[in-house]
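Just so you know, ligand 1 is whichever comes first in the structure, and atom 1 is the first atom listed for that ligand. Heavy-atom basis, side chains included; hydrogens, waters and symmetry copies ignored.
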Amino acid sequence: MCGIVGYIGSNMAAPILINGLKKLEYRGYDSAGVAIFEDNDLKVIKSKGRLAILEEKVNKDMPKGLIGIGHTRWATHGEPNDLNSHPHISHSGKIAVVHNGIIENYIELKEFLQSEGYKFVSETDTEVVAHLIDYHYKGDIVEAVIESINEVEGSYALGVICKDCDDKFVAARKDSPLVVGLGKNENFIASDIPAILEYTRDVYILEDKEVVVLSSDNVKVFNNHGAEVKKEIFKVNWDVSAAEKSGYEHFMMKEMFEEPKVIRDTISPRIKDGSISLDNINITSEDLEKIEKIYIVACGTAYHAGVVGKYVIEKLARIPVEVDVASEFRYRDPLITNKNLVIIISQSGETLDTLFALREAKKKGARVLSIVNVVGSSISRESDDVLYTWAGPEIAVASTKAYNTQLSALYLVAMDFAMKKGHIEEGFYKKFIEDLKNIPQVIESVLANKEVIQRFASEHYNAKSIFFIGRGLDYALSMEGSLKLKEISYIHSEAYAGGELKHGTIALIEEGTLVICPMTQDNLMDKMISNIREVKARGATVLAITKESNQQVEKVADVVVTIPDVDSLIAPIAAVTPLQLFAYYMAIQKGCDVDKPRNLAKSVTVE
Ligand code: M6R
């Protein structure tokens, strides 16, 4: 999704902005631009396509100014072209604006501004903001921004520079992330921390409708009524290298190789003296008795983690669980009361649909427990309880290590609830904890054998359509395997419950159709073998992913990828890795841009 960087200080702004935007490339974009305050004027340079094109333009005619804002745009209103890309300049040429999010009442505002004589040149909603600030500007840029944000509806992170201001610039946010980086004689804004991490680790995390005024040696934050707000400094504790490739060809591969470590980081601190202790989350046995149903709400990969969570919580804790796609949940008037616990899952903590689903749940009285990766993100701040997945920064658009840690967190929650509800024996609990702690080694061994999958991908990358089938937890895994393949290799694929295939989809299986079968559930092995026979009888080529001891699978599948033997209940945390590797190698064979797949964004902050 769009990225924002802003700078004020004693260095030339343009190179810092370009450098920061490079760090945000992973978010997905289709055009980019910068606006620099220079010689009492605003110099705007923008271009469609890759950042390298903008960089070349900037280098040819380097602006010398010390104040600037930059943007990478992921098109929502209007096609990606030079005109629609940000920054947008107001009618009078006085105000330049970069914006992430969507202004929902932009048509009304546009009509009003047009009636006031404002001419529009782009198809974007953002241009409205530039003109609106211009309309309210009577010599005080901060006042003009405050008046404007009180009139716009929707979501925004804004960076604003003004031709009359040689010593400051302004930013604001609502429902779209924005942080302020506090430097020495220089200050920054960014939609995401990696953009400024090279310069500072001290940040302010802005709340909704806060407005910040930055000069090189001062930062002041106001609310939308103009009252000053005291902010606490948030110290970023992760390393710059965490947001770099460190010798790997792609972030996605690096992040898969980080899976053993981040699973350990997520599990170990929560196991004390052989028992699970969920940070400061105090959901007691009495609380659990009152919970009639749990809702798990998320999007994309996080939603697929939620599907695993449903199986596991229901099986262990015996509490009914409903899993919902966040964008559907919030509009279907869900039957939520204070007798429900809502578990929100999100890597970024900023996915707008998920954030709004959280608000809907809270409005209806539910307690919200979030499983989130980004510390200080909107979702983490608005939840009653937060269980962080210590996956570190995930840069590749395709989520990998975050998924494994989301599963790890869900297993801890399920076990904790099960024990508190008295549904499991001490011996089972202890063994389960040991098995969970052993998962990183299992994944290390899967990664060490990645060549089997690489070879298979090199033989099948021309496939036009691929099916993933599985039963029980393997069905949940199939959904994730299919999503991963689609998003980075652009190969059509579908995930089906093994038993459901014969109710229609089997009609699509023909000679050579590729079918991928995760088969980690011991109690469903015979059923899956029958499903494999059904597709093989119609000409399918089958790749199965199973545990080492399941030797019978070799008799039916064409190729078998094995993972070390683990308990079926926790097998998904390890069995997803071969599926991620499969998607990766298929995409590489097809020459796709693995880390930045077309049309996609890392953090989806629009509806
Ligand atoms: O940041 P979130 O976990 O809330 O993101 C949810 C989805 O947008 C995300 O998982 C998406 O599906 C990934 N690209 C999948 O790899």
Side-chain angles (χ1 to χ4, degrees), residues 1 26-28 74 175-177 191-194 250-253 255-256 259 262 296-309 323-330 342-359 368 370-383 386-389 391-407 409-410 476-477 479-490 493 495 576-577 579-584 586-587 592-607:
M1 210 100 303
Y26 73 92
R27 291 172 67 98
W74 188 81
D175 296 331
S176 197
S191 52
D192 211 0
I193 291 169
H250 298 99
F251 278 111
M252 185 177 171
M253 187 53 106
E255 288 162 7
M256 286 187 281
E259 286 172 3
V262 298
I296 301 183
V297 187
C299 300
T301 288
Y303 167 78
H304 295 152
V307 181
V308 173
V323 198
D324 253 294
V325 166
S327 53
E328 291 297 315
F329 176 85
R330 58 174 294 216
V342 173
I343 301 182
I344 295 280
I345 310 176
S346 175
Q347 185 284 125
S348 61
E350 298 294 349
T351 301
L352 203 74
D353 285 322
T354 314
L355 177 63
F356 285 178
L358 177 159
R359 288 181 186 164
V368 173
S370 291
I371 296 178
V372 183
N373 194 39
V374 178
V375 178
S377 56
S378 303
I379 289 176
S380 72
R381 283 179 291 130
E382 294 191 29
S383 302
V386 185
L387 193 61
Y388 284 108
T389 51
E394 191 180 64
I395 306 291
V397 165
S399 190
T400 54
K401 61 175 179 170
Y403 176 83
N404 307 69
T405 58
Q406 285 159 355
L407 293 196
L410 283 162
L477 264 181
M479 292 181 199
E480 178 55 10
S482 172
L483 171 66
K484 213 80 329 178
L485 182 77
K486 278 183 277 227
E487 70 178 326
I488 61 170
S489 75
Y490 317 142
S493 98
V576 73
T577 310
L579 297 175
Q580 296 164 344
L581 286 166
F582 175 64
Y584 175 84
M586 292 293 269
C592 300
D593 189 347
V594 175
D595 284 339
K596 287 174 251 154
R598 70 184 179 207
N599 304 338
L600 290 178
K602 182 64 186 165
S603 157
V604 184
T605 48
V606 293
E607 281 194 71

Sidechain-backbone polar pair: N373 side chain, S346 backbone, donor-acceptor under 3.5 Å: no
Options H304, Q347, Q406, M252, ranked by nearest heavy atom to atom 3 (O) of ligand 1, top entry: Q347
Ligand-side contact atoms (ligand 1) for residue partner S348, heavy atom cut-off under 4.0 Å: 1 (O), 2 (P), 4 (O)
Chi angles and distances behind the side-chain hydrogen bond (donor to acceptor under 3.5 Å, both in side chains) call for T301, S399: CA-CA 7 Å; T301 288; S399 190; 4.8 Å; no
Criterion side-chain contact (heavy atoms from CB on, under 4.5 Å) on I379 and R359, from CA distance to verdict: CA-CA 9 Å; I379 289 176; R359 288 181 186 164; over 6 Å; no
Enumerated ligand 1 atoms positioned under 4.0 Å from heavy atoms of E487: 13 (C), 14 (N), 15 (C), 16 (O)
Atoms of ligand 1 close to K484 [distance to a heavy atom under 4.0 angstrom, numbered from 1]: 15 (C), 16 (O)
Those atoms of ligand 1 less than 4.0 Å from some heavy atom in A398: 16 (O)
Atom indices of ligand 1 within 4.0 angstrom of T301 heavy atoms, with elements: 10 (O), 12 (O), 15 (C), 16 (O)
V397 N/O under 3.5 Å from ligand 1 N/O: yes
Residue and atom name of the nearest protein heavy atom (relative to atom 4 (O) of ligand 1), distance in Å to one decimal: T351 OG1, 2.5 Å
Heavy-atom donor-acceptor pair, K401 side chain to E259 backbone, under 3.5 Å: no
Nearest non-hydrogen partners of V374 and S348, listed with the distance: CB-O, 3.3 Å
V297 vs L358 side-chain heavy atoms within contact, under 4.5 Å: no
Interfacing atoms of ligand 1 (cut-off 4.0 Å, heavy-atom, S399): 15 (C), 16 (O)
Residue, atom name and distance, where the atom is the protein heavy atom closest to atom 7 (C) of ligand 1: C299 O, 3.6 Å
Under 3.5 Å: donor-acceptor pair, side chain of Y303, backbone of I345: no
Identity and distance of the protein heavy atom lying nearest atom 8 (O) of ligand 1: V604 CG2, 4.1 Å
Which atom of H304 lies closest to which atom of M479, heavy atoms considered: CE1-O, 3.4 Å
